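Here is the structure we will look at.
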Amino acid sequence: MQLNKEQQKAVLHVDGPLLILAGAGSGKTRVLTNRIARLISECNVSPWNILAITFTNKAADEMRERIDDLVGLGSESIWVATFHSTCVRILRRFIDRIGYDTNFSIYDADDQKNVMKEIIKRRKIDTKMYKERFFLNVISSAKDELISPEAFREQAGEDFIRKMQADIYEEYQKTLQKSNALDFDDLIFLCVKLLKQDKEVRDYYQDRFRYISVDEYQDTNTAQFELVRLLAGKYKNLCVVGDDDQSIYKFRGANIKNILNFEKHYPNATVIKLEQNYRSTQNILDAANAVISHNMGRKEKHLWTDQEAGEKIGFYQFDTAYEEAEHIAYEISSLVRRNEFTYGECAILYRTNAQSRLLEEKLVSANIPYKIIGGINFYSRKEIKDILAYLKTIENGQDDLAVRRIINVPKRGIGATTVGRIQEFADEQGMSFFDACRQIELIPTIKKAAEKIRDFANFILVCRTQLAEGGIEAMTKYLLDATGYIDDLRAEHDEEADARIENIEELLNKITDYEETAENPTLTEFLDEVSLVADIDNLEEGQDYVALMTLHSAKGLEFANVYISGMEDGLFPSFMTITADDESEMEEERRLAYVGITRAKKRLTLTCAKTRMTRGEMQYNKVSRFLAEIPKKLLTGNGRQEDALPLYQQANRGFAQARKSFRSEDVYGVARTKSSKAPSNAPKAKNIGNAGAAGKPDYKEGDRVRHPKFGEGTVTSMVLGGRDYEVTVDFDDFGTKKMFAQFAKMTRI
DNA sequence: GTTAGAAACAATCCT
DNA sequence: TGTTTCTAAC
């Protein structure tokens with residue numbers, strides 16, 4: 001495919017700041033990659049001097065691949081990375097210049113919460129009034145805005161609450177520093193601090209990165225803006241790509257002004273608009289344009305396509321969310337059967353992760369292969385976090401949180417009281433928790449547990465030797481063996497434990513894979529990679545399954561056939577948005593709708609339900625107001641736009657209070673009953689996509705089996721059809737179901 | 001110190 | 001409804 005005029009103009013631009021306003025589906029990645037390739041082949045730029053920043057690893061990998069294809073030899077020295085991994089790489093080299101150790105740990109949301117919990121306990125703050133989340137949010141937005149604890153205190157003045165927040169921010173930051181740990185926001189914040197403070201480091205990177213590109217620029221926050229400004233400070237060969245209409249990350253500090261005011265920040269900037277859409281049909285594009293046109297204060301764009309109108313947009317309304325999910329599953333099933341789409345071409349999008357459950361259930365019973373992107377990250381599962389805490393302890397003994405997590409896992413008879421005493425001693429002496437463990441005989445209050453603690457500390461030291469001698473994989477295997485972690489799980493003999501074992505094996509695979517592919521594998525680097533994976537990174541292309549994800553995760557992706565479910569006022573736009581007295585929040589929500597609609601290439605279906613269970617409560621929602629914004633002639637299906645709040649009433653804020661909400665008992669007059677005893681909270685072992693290798697199932701006709709969703713049942717028939725067994729099971733609580741063995745995660749009992 | 005069962009609480013969206 | 005925290009009993 002040829003580049004169009006505007007695309008060419010962007011590709012040919014070499015020196016000076018460049019802003020590319022790229023509408024949805026306008027081929028921005030092509031432009032970015034082609035421009036970089038040309039810099040090298042035509043303009044004599046060394047690959048070593050090029051930096052390309054993205055937001056997700058997936059985007060980075062994709063860009064890397066495409067650049068590799070274009071550039072060939074030498075492309076490996078181009079620095080293509082996410083904001084966070086870029087900062088980690090810089091900090092791993094130079095952070096010792098600002099008071100941390102270069103083998104710092106990275107704390108995830110869970111770790112942050114634990115740190116905050118302790119601070120709150122120590123300060124005897126009433127958790128009813130102030131929750132951990134509240135303070136963490138305050139701290140996070142402060143860091144996004146590059147406000148240090150000191151600056152925060154200054155700004156607080158005499159305000160009581162602000163002063164309390166300042167105290168907590170300061171203590172939180174001290175705790176992290178003492179553990180030699182950085183949270184996600186620190187990665188950017190401290191990198192900016194380093195570059196600002198240290199001229200030598202700044203000069204080094206400014207000189208190295210002569211050509212910088214930033215993708216999804218509309219999502220940058222103040223800290224990221226500053227980082228880019230510092231890096232590009234010398235040569236100012238900065239190319240940013242973005243679309244203000246797709247700015248959907250205000251809640252994590254994204255500042256839309258970064259893109260809107262680019263020309264002010266970089267006065268001689270060239271601006272290029274990419275307005276031809278190569279992705280969607282005219283109808284889809286018309287709907288997207290109609291919705292987004294209700295926003296004020298955007299950069300005017302005229303997205304157009306030379307594709308034909310295509311199918312109308314489906315709009316379906318159901319009585320319950322149950323039926324909604326059923327319909328989607330049924331439709332996908334028949335479209336695939338008629339060879340109109342493959343599973344891999346279909347995606348189901350929703351506003352909140354919680355909506356995935358129902359959809360999942362219906363896809364399972366319709367035998368549709370699927371993969372849920374997001375929800376619980378693989379690396380935040382209990383068993384994985386345990387093992388990683390061991391690895392972190394081995395890597396960085398100062399990481400108190402990691403040490404305390406595993407000191408009694410598996411059970412070593414070291415309880416909360418003992419841990420408390422060690423911590424107390426460590427605090428008094430100003431040493432780390434692990435160092436206190438190593439000198440346990442100095443702690444007078446500990447007698448009985450002393451030996452156990454000594455054993456634990458010695459064990460960690462042995463692991464360190466193992467690591468040095470045999471590498472990560474060998475050491476981890478030794479560790480699992482010596483602690484009996486897997487044996488303990490195996491002894492539990494239930495499917496939940498089995499799933500955990502599988503997850504650990506998966507982790508081992510990742511370690512092996514890492515050690516085989518990395519140039520110079522180190523435990524630190526492995527832990528970095530693990531800490532920085534996003535859910536969306538797990539979506540593999542070319543796999544034949546339906547993708548389920550939130551609208552946020554879907555940004556940057558495209559699918560031939562897209563469903564947006566839960567198009568209801570109160571869900572999408574969210575209840576929070578409707579009740580907030582801030583029109584800009586509604587605009588952000590509308591941009592999210594725009595992002596969702598523009599994901600579709602050929603076929604788009606919007607669905608909603610009149611009733612929906614949320615947190616055990618029955619909710620009655622109107623049709624989403626965004627549906628009222630789509631011209632009627634573009635729609636087909638049983639949905640009634642009239643059931644949405646009419647446009648002229650949408651400015652009226654009073655109605656939110658009138659929303660009705662009953663407890664389910666009140667509606668049906670029945671108490672809630674316990675359903676089947678199948679543990680629905682069992683960790684989902686592996687997602688369907690990986691299950692392909694499964695051979696013959698270990699059950700046969702007449703066997704009793706257990707299914708994660710449907711509980712126990714009896715196998716009534718098993719037929720080999722196509723490439724997999726078709727199993728029919730008579731479930732005790734759910735009746736008879738027919739499914740493919742490969743996708744039904746059933747075990748014999 | 002450990003465990004199970006009950007009570008309390010909670011969800012936007014993400015690197 | 002699903003998950004975390006609290007409490008009591010071993």
Side-chain angles (χ1 to χ4, degrees), chain A residues 53-60 81-88 106-110 112-113 117 127-128 131-133 137 140 143-144 182-188 216 219-221 223-224 247-254 321 349-358 373-377 379-380 382 408 410-419 448-449 452 528 531-537 549-555 566 570-580 585 588-589 591-592 595-596 612-619 663-664 672-675 679-683:
Chain A
I53 305 183
T54 62
F55 271 87
T56 65
N57 292 301
K58 185 172 188 295
T82 65
F83 268 104
H84 289 86
S85 51
T86 297
C87 289
V88 169
I106 300 172
Y107 276 8
D108 65 12
D110 229 46
Q112 288 181 284
K113 213 171 137 197
K117 238 184 230 164
T127 50
K128 289 254 160 31
K131 309 212 165 91
E132 298 111 46
R133 199 62 249 154
N137 284 338
S140 175
K143 288 179 181 172
D144 287 347
L182 274 62
D183 66 22
F184 271 57
D185 303 311
D186 280 337
L187 296 177
I188 318 281
E216 307 280 12
D219 290 331
T220 52
N221 62 31
Q224 288 157 338
S247 161
I248 54 172
Y249 282 111
K250 194 173 150 209
F251 70 92
R252 70 176 188 204
L349 311 181
Y350 36 76
R351 180 67 236 269
T352 66
N353 278 307
Q355 288 167 256
S356 66
R357 282 214 172 81
L358 259 185
I373 311 294
I376 324 148
N377 191 318
Y379 294 104
S380 34
K382 245 189 235 100
N408 200 29
K411 301 265 176 304
R412 295 187 174 88
I414 306 172
T417 334
T418 313
V419 169
K448 254 205 321 218
K452 297 167 187 164
D528 282 351
S531 311
L532 299 178
V533 289
D535 302 316
I536 195 67
D537 301 337
M549 70 190 92
T550 62
L551 289 150
H552 281 89
S553 300
K555 197 175 67 165
L571 189 61
F572 186 34
S574 76
F575 181 74
M576 304 281 247
T577 316
I578 294 170
T579 46
E585 293 206 11
E588 172 126 337
E589 206 80 353
R591 289 194 288 270
L592 191 55
V595 166
R612 181 182 294 276
M613 279 287 232
T614 11
R615 292 198 246 153
E617 238 174 299
M618 190 62 90
Q619 274 199 350
R663 291 202 66 86
S664 49
R672 283 179 281 175
T673 49
K674 286 240 153 49
S675 53
S680 49
N681 58 344

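Per chain, numbering begins at 1; letters A, B, ... match sequence-line order. Computed from a prediction, not measured in an experiment: that's the story for all the values here.
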Considering only nitrogen or oxygen atoms on both sides, find all protein atoms under 3.5 Å from nucleotides 13-15 of chain B and state each distance.
residue : atom : partner  : partner atom : Å
B:dC13  : OP1  : A:Asn353 : N            : 2.6
B:dC13  : OP1  : A:Asn353 : ND2          : 3.2
B:dC13  : O4'  : A:Arg351 : NH2          : 3.2
B:dC13  : O2   : A:Arg351 : NH2          : 2.8
B:dC14  : OP1  : A:Thr550 : OG1          : 2.9
B:dC14  : OP1  : A:Ser553 : OG           : 3.1
B:dC14  : OP2  : A:Asn353 : ND2          : 3.4
B:dT15  : O3'  : A:Phe55  : O            : 3.3
B:dT15  : O3'  : A:His84  : ND1          : 3.3
B:dT15  : O2   : A:His84  : NE2          : 3.1

Q: Could you state the atom-to-atom distance from NZ of A:Lys113 to P of C:dT4 in whole Å?
A: 7 Å
Q: Could you please spell out the steps behind the side chain to side chain donor-acceptor pair (under 3.5 Å) verdict for A:Gln355 and A:Thr352?
A: CA-CA 6 Å; A:Gln355 288 167 256; A:Thr352 66; 3.1 Å; yes
Q: Take atom C1' in B:dT12 and the same atom in C:dT5, then report the distance between them in whole Å.
A: 23 Å
Q.
Nearest whole Å is fine: how far is B:dT12 C1' from A:Glu585 CD?
A. 11 Å
Q.
Counting only side-chain nitrogens and oxygens, does A:Arg357 get under 4.0 Å of the OP1 or OP2 atom of C:dT3?
A. yes
Q) Which class fits the ring pair A:His552 and A:Phe251: parallel under 30°, tilted 30 to 60°, perpendicular over 60°? A) perpendicular
Q: Could you tell me the separation between the CG atom of A:Leu187 and the OG1 atom of A:Thr82, rounded to the nearest 0.5 Å?
A: 9.0 Å
Q: State which residue, out of A:Phe83, A:Phe184, A:Tyr379, fulfils the side chain to side chain contact (heavy atoms under 4.5 Å, CB included) condition with A:Leu532.
A: A:Phe184
Q | CD-CG distance between A:Gln112 and A:Asp186, expressed to the nearest 0.5 angstrom | A | 8.5 Å
(Q) From NZ of A:Lys411 over to P of B:dT2, roughly how many Å is that when rounded to an integer? (A) 6 Å
Q: Starting at NE2 of A:His84, measure out to CD1 of A:Ile188 and round the result to the nearest 0.5 Å.
A: 4.0 Å
Q: Using atom NZ of A:Lys131 as one end and atom P of B:dA8 as the other, report the distance to the nearest whole Å.
A: 15 Å
(Q) Whole angstroms only, please: what is the CD-P distance between A:Glu617 and C:dG2? (A) 15 Å
Q: For A:Lys117, report the nucleic acid contact type (base, sugar-phosphate, nothing); a contact means any heavy atom under 4.0 Å.
A: sugar-phosphate
Q: Indicate yes or no: does A:Asp144 engage A:Arg252 in a salt bridge with an N to O separation below 4.0 Å.
A: no
(Q) Both A:Ile414 and A:Ser574 contact DNA chain B. Which one's nearest nucleotide lies toward the 5' end? (A) A:Ile414
(Q) Tell me the interatomic distance from A:Lys382, atom NZ, to C:dT3, atom P, rounded to whole angstroms. (A) 9 Å
Q) Heavy atoms under 4.0 Å, any strand shown: does A:Thr614 hit a base, just sugar-phosphate, or nothing? A) nothing
